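Chain letters run A, B, ... following the sequence lines, proteins first, then strands; residues in each count from 1. This structure is a prediction, so every number in the text was calculated from the model and none was measured.
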Protein chains: 2
Amino acid sequence: MEMFNALSIFSAMSQPVRLDMVRILIKAGDSGLLAGEISQALDIRPNTASTNLSILVNSQLLRKERQGRTIRYFVNFEVIKDLLTFLMEDCCGGNPELCQSVIDKVACDH
Amino acid sequence: MEMFNALSIFSAMSQPVRLDMVRILIKAGDSGLLAGEISQALDIRPNTASTNLSILVNSQLLRKERQGRTIRYFVNFEVIKDLLTFLMEDCCGGNPELCQSVIDKVACDH
DNA sequence: TCCATATTTCATGAATAATGGAAATGTTTA
DNA sequence: TAAACATTTCCATTATTCATGAAATATGGA
């Protein structure tokens with residue numbers, strides 16, 4: 001992961017609505033949630049939801065998929081793993097491998 | 001960890017200088033770094049370094065300790081673990097315990 | 001006490017992001 | 001094709017964040 005990427009992910013998660021979005025999508029796991037479900041769950045306007053979801057998609061933390069006239073959003077669990085690896089790089093006394101095997105599992109094998 | 005806390009940590013890490021600070025302090029581990037060493041390493045003015053370091057301390061991601069006329073900064077590794085737990089809560093099909101044992105080790109037992 | 005060093009605090013202007021209304025896009029059903 | 005629905009894009013206003021220079025604080029040594 002590049003610095004630029006990591007920054008846009010942290011920036012994306014530094015806003016209450018967006019952090020909530022990420023968290024309910026992590027809970028939702030592989031089945032994701034529809035844009036409408038998300039805006040209802042968080043009680044925000046559809047356009048606000050849309051803008052914030054696209055910020056999360058641009059950061060690559062989420063991905064989306066059109067299904068008929070709805071759009072379903074998912075967390076990119078791989079990206080979470082990469083982010084943690086980037087952050088903890090060279091931790092453990094310069095032996096990132098020590099952390100690696102652990103980090104590999106943080107995203108619950110999604 | 002509270003939502004407010006998590007937000008201030010992500011917000012703190014969403015700025016290039018501050019993310020760099022966190023990363024070199026993670027590498028430095030338990031021995032931390034002096035304010036002066038940090039501003040030299042990242043080639044930024046002391047006052048800019050200080051302002052950004054205090055944003056990180058306020059978020060609780062870092063702590064500081066005066067040593068004579070210098071001030072030494074450290075990563076709060078416990079806080080990183082708590083943050084990951086907060087973020088991944090209810091992942092793994094509603095069984096956070098499954099992730100917990102893994103997350104416990106992400107911070108390299110610091 | 002006086003000075004040098006290390007660091008922080010303050011005030012300011014410039015850049016960036018957030019919100020919400022209105023209009024536009026794409027998709028399905030009648 | 002027309003209407004209804006789900007979602008996105010655009011735009012203006014307001015709010016927040018940023019880097020900087022200058023001044024202030026705290027510590028140790030002469």
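The distance between atom CD1 of B:I38 and atom C1' of C:dT8, rounded to the nearest whole Å, is 14 Å. In this structure, the CD1 atom of B:I55 is 14 Å from the P atom of C:dC10, given to the nearest Å. Atom CG in A:L42 sits roughly 14 Å away from atom P in C:dG20 (whole-Å rounding). Separating the CG atom of B:L62 from the P atom of C:dT8 is a distance of 12 Å, rounded to the nearest angstrom. In this structure, A:L53 atom CG and C:dT19 atom P are separated by 13 Å, rounded to whole Å. In this entry the distance linking CG of B:N58 with C1' of C:dT8 reads 13 Å, nearest Å. Atoms CD1 (A:I44) and P (C:dA18) sit 13 Å apart, rounded to a whole Å.
Nucleotides of DNA chain D with any atom under 4.0 Å from a heavy atom of chain B span, from 5' to 3', D:dC18 to D:dG28.
Contact detail for A:A49 and A:S39: the closest heavy-atom pair is CB-CB, 3.6 Å. Smallest separation of non-hydrogen atoms from A:P16 and B:L7: N-CD2, 3.6 Å. Listed here is the closest heavy atom pair of A:L19 and A:M13: CB-O, 3.7 Å.
By the 4.5 Å heavy-atom criterion applied to side chains, B:F86 and B:L84 are not counted as neighbours. Looking at A:E78 and A:N76, their side chains never come closer than 4.5 Å, going by heavy atoms from C-beta outward.
Looking at B:S11, its side chain never comes within 3.5 Å of a backbone N or O of B:S8 through a donor-acceptor pair.
For the pair A:R18 and B:F10, the NZ or CZ position fails the cation-pi test of under 6.0 Å to the six-membered ring centre and within 45 degrees of the ring normal.
Considering only residues two or more places apart in sequence or on other chains, B:S50 meets the side chain to side chain contact (heavy atoms under 4.5 Å, CB included) condition with none of them. By the salt bridge (Lys or Arg N to Asp or Glu O under 4.0 Å) test, B:R63 is found to be paired with B:E65, residues two or more places apart in sequence or in another chain being considered. For B:L33, the side chain to side chain contact (heavy atoms under 4.5 Å, CB included) partners two or more places apart in sequence, or in a different chain, are B:I24, B:L25, B:A28, B:E37, B:I38.
With C:dT19, C:dT7, C:dG20 as the choices, the nucleotide that has an atom nearest any side-chain atom of B:A35 turns out to be C:dT7.
A:T51 comes within contact range of at least one nucleobase, with a heavy-atom separation under 4.0 Å.
Only A:Q15, listed by number, bring a heavy atom of residues 3-17 of chain A to less than 4.0 angstrom from any atom of DNA chain C. Sorted by residue number, the members of residues 63-75 of chain B with any non-hydrogen atom under 4.0 Å from DNA chain C read B:K64, B:R69, B:T70, B:I71, B:Y73.
A donor-acceptor contact under 3.5 angstrom links the side chains of B:N5 and B:Q60, judged on distance only.
Of the side-chain N and O atoms in A:R45, none sit less than 4.0 angstrom from OP1 or OP2 of C:dT19.
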